[in-house]
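Have a look at the structure below before the remarks.
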Amino acid sequence: MTTVSPTPASSDAAATPAVSWLAPPPTRVPPPEAPEAPPVRRGPLAGALLLGAALDAYVFARHGAKPGVLLLLGLGLGFALFHSRFGFTSAWRQLIAVGNGAGLRAHTLLLGTTATLFALIIGTGSGLFGTEPRPSAGNLGIGLLLGAFIFAIGMQLGGACASGTLFAVGSGQTSIVLTLGGFILGSTLAAWQFDLWNDLPALDPVLLSDHVGWFGSWGITILALLGIYGLTRVVQRRRTPPPTGAVPTARGVAGRVLRGSWPLAAGAVVLAVLGAGVLLVSGGPWGVTSAFALWGSELFGALGGQPENWSFWQQPGNSDMLAGSILADKNSLTDIGIMIGAAIAASLGGTWALHRGVPLRTGVAAVLGGVLMGIGARLAGGCNIGAYLAGIASGSLHGWLWGLTALAGTWAGLKLRPLFGLANPKPTDGVC
């Protein structure tokens with residue numbers, strides 16, 4: 001009698017291994033190997049280090065320890081932003097265009113870590129240099145929704161967000177210099193026309209901590225972020241998008257720390273710690289875009305204008321900002337530090353370069369995108385850092401509304417990008 005051996009289970013019937021919720025969801029093709037980082041750019045590195053050291057020494061001597069520490073924190077932020085290539089613009093574009101949620105999952109880690117540190121700092125009233133740490137809370141109204149929507153369109157046209165613009169400029173990307181110029185112009189125009197948009201209908205800010213305390217606020221925020229993390233995994237598993245591109249890296253732990261590239265998770269944690277440092281030192285969360293309005297207004301004043309007569313600069317706090325030194329302004333210090341820190345990181349990574357020959361349509365998109373971001377940030381009371389990151393981490397409803405509206409604006413921005421010769425990720429691409 002013939003004995004029949006059991007037939008092996010077919011691949012369709014094979015048991016599917018359990019998938020860890022910490023493991024990356026599938027992509028259409030395996031992620032590419034990271035190329036070896038080029039040699040260190042010694043000339044740009046020496047220049048960036050000298051500039052950073054000299055400027056910080058001057059700030060310490062002229063304005064004191066608090067501004068000097070803020071500039072150092074800005075240097076660290078720029079170093080971490082570049083080495084981790086931590087993006088907001090690309091993360092939203094990849095999610096909307098092809099369903100790759102890796103960037104947005106990194107956002108949830110950044111937001112959750114920052115929220116934890118904010119709850120500890122603000123909840124206990126811990127501050128340095130005599131400061132009293134305070135949360136970021138914005139009005140809920142037309143200005144917030146319109147501003148976030150316009151800002152997100154500007155991100156996709158300009159090629160970078162607020163923090164991304166600064167670290168890209170520091171790494172020598174010429175087209176993003178045009179974005180920064182437009183950003184400053186748009187911020188200044190919005191400050192000039194403050195009376196036109198200041199009275200848009202709005203409700204008072206809503207802080208969760210006012211209703212459930214700081215522990216309750218933190219718990220609700222973390223649960224919401226876990227939900228977003230899980231949702232992006234579901235979307236990615238269904239759409240199976242291309243993987244994100246790989247950037248040049250160095251080998252070994254020390255090499256990766258100094259020369260890149262960092263995992264997004266490492267960048268998120270380092271940025272959260274440094275952002276919490278800004279809160280500890282200054283009493284306010286990390287911000288970016290108010291400095292652009294200041295820089296543009298100062299330039300306008302130097303050309304013979306009188307920005308001090310604008311209603312925007314007569315508001316409480318703003319008048320002191322305009323009257324003071326740029327090198328004593330919190331956001332200006334961290335912004336300048338980010339650009340120098342990114343230049344140091346890009347030089348160490350061997351990728352610092354001045355790009356030439358920006359196509360006309362790309363240049364127009366960069367300037368237009370910057371102008372839209374400058375106007376949008378002022379309407380919304382903040383950008384992807386000052387409103388989205390600081391708002392959500394503070395348990396403020398305006399941060400969540402900013403993020404949701406920015407996703408809609410990202411979709412609109414993707415529709416406009418081809419008009420300027422800018423490509424969008426496609427499901428059939430090798431990387432997104």
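Computed from heavy atoms alone, side chains included, the values below leave out hydrogens, waters and symmetry copies.
M155 has its side chain out of reach of R93: every pair of non-hydrogen atoms, C-beta onward, lies at least 4.5 Å apart. A heavy-atom distance below 4.5 Å is not found between the side chains of V367 and T179. Between W295 and I336, the closest side-chain pair of non-hydrogen atoms falls below 4.5 Å. Counting heavy atoms from C-beta on, the side chains of P418 and N424 come closer than 4.5 Å. Side-chain contact between P135 and S396 is absent, with no heavy atoms from C-beta onward closer than 4.5 Å. Inter-residue side-chain proximity for T89 and N384 is flagged as unmet; no heavy-atom pair is nearer than 4.5 Å. You'll find the side chain of Q193 stays beyond 4.5 Å of the side chain of I375, heavy atoms only. Between T221 and W400, the closest side-chain pair of non-hydrogen atoms falls below 4.5 Å.
In this structure, the separation between CG on L401 and CD1 on I392 is 9.5 Å, given to the nearest 0.5 Å. Atoms CG and CG, from L348 and L49 in turn, are 7.0 Å apart once rounded to the nearest 0.5 Å. The CG atom of L294 sits 9.5 Å away from atom CG of N331, with the distance rounded to the nearest 0.5 Å. To the nearest 0.5 angstrom, F129 atom CZ is 8.5 Å from K66 atom NZ. With values rounded to the nearest 0.5 angstrom, W218 atom CH2 is found 15.5 Å from F118 atom CZ. Residue T334 holds its OG1 atom at 9.0 Å from CG of L71, rounded to the nearest 0.5 Å.
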Side chain to side chain contact (heavy atoms under 4.5 Å, CB included) assessment of W262 paired with F79: CA-CA 11 Å; W262 296 1; F79 196 87; 3.7 Å; yes
Before you tell me yes or no, could you show the steps for F292 and L166 under side chain to side chain contact (heavy atoms under 4.5 Å, CB included), namely the whole-Å CA-CA distance, both residues' side-chain angles and the distance that decides it to 0.1 Å? CA-CA 11 Å; F292 298 157; L166 293 171; 3.9 Å; yes
Could you give me the CA-CA distance, side-chain angles and deciding distance for S261 and H83, then say whether side chain to side chain contact (heavy atoms under 4.5 Å, CB included) is met? CA-CA 5 Å; S261 62; H83 273 330; over 6 Å; no
I'd like to know whether F60 forms a side chain to side chain contact (heavy atoms under 4.5 Å, CB included) with L72, so could you lay out the CA-CA distance, the side-chain angles of the two residues, the decisive distance to 0.1 Å, and finally the verdict. CA-CA 10 Å; F60 264 100; L72 287 175; 4.2 Å; yes
Pair R378, T289 - check side chain to side chain donor-acceptor pair (under 3.5 Å), show working. CA-CA 8 Å; R378 296 280 56 79; T289 56; 3.2 Å; yes
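Summarising the geometry of S209 relative to S217, their closest heavy-atom pair is N-CB, 3.8 Å, with the distance given to 0.1 Å. Closest non-hydrogen pair, G267 versus F86, comes out as C-CD1, 4.3 Å. Nearest approach of L111 to A393, heavy atoms of both residues: O-CB, 4.4 Å. Among all heavy-atom pairs drawn from C432 and P242, the shortest one is SG-O, 3.5 Å. For I340 against A48, the heavy-atom pair with the smallest separation is CG2-O, 3.6 Å. What you find for L327 and L333 is that their closest heavy atoms are O-CD2, 3.3 Å.
Between the W197 side chain and the G143 main chain, no donor and acceptor come within less than 3.5 Å of each other. Proximity of a side-chain donor or acceptor of N139 to a complementary backbone N or O of L144 within less than 3.5 Å is not detected. Here the side chain of T131 pairs a donor or acceptor atom with the backbone of L128 at under 3.5 angstrom. No donor-acceptor pair closer than 3.5 Å links the side chain of W214 to the backbone N or O of L120. With hydrogens and angles disregarded, no donor-acceptor distance shorter than 3.5 Å links the side chain of D329 to the backbone of G324. A distance-only check finds no donor-acceptor pair linking the side chain of E132 to the backbone of G125 [under 3.5 Å]. Between the S136 side chain and the S394 main chain, no donor and acceptor come within less than 3.5 Å of each other. No side-chain donor-acceptor contact under 3.5 Å links R239 to the backbone of Q236. Side chain of R28 to backbone of T428: a donor-acceptor contact under 3.5 angstrom is found. Listed for the R237 side chain is no donor-acceptor partner under 3.5 Å among the backbone atoms of P26.
For R417 and F420, the positive end is not near the middle of the six-membered ring at less than 6.0 Å and at most 45° from its axis.
Among W411, F151, Y388, the one residue that satisfies the ring pair (Phe, Tyr, Trp, His ring centres under 6.0 Å) test with W92 is Y388.
Taking the six-membered ring where tryptophan is involved, the planes of F312 and F194 are perpendicular, since the angle between them exceeds 60° and thus also 30°.
Dense packing is recorded around CZ of R251, with more than 12 heavy atoms of other residues, nucleotides or ligands lying under 6.0 Å away. Annotation for W192: atom CH2 does not count as buried by contact number, only 12 or fewer foreign heavy atoms lying within 6.0 Å.
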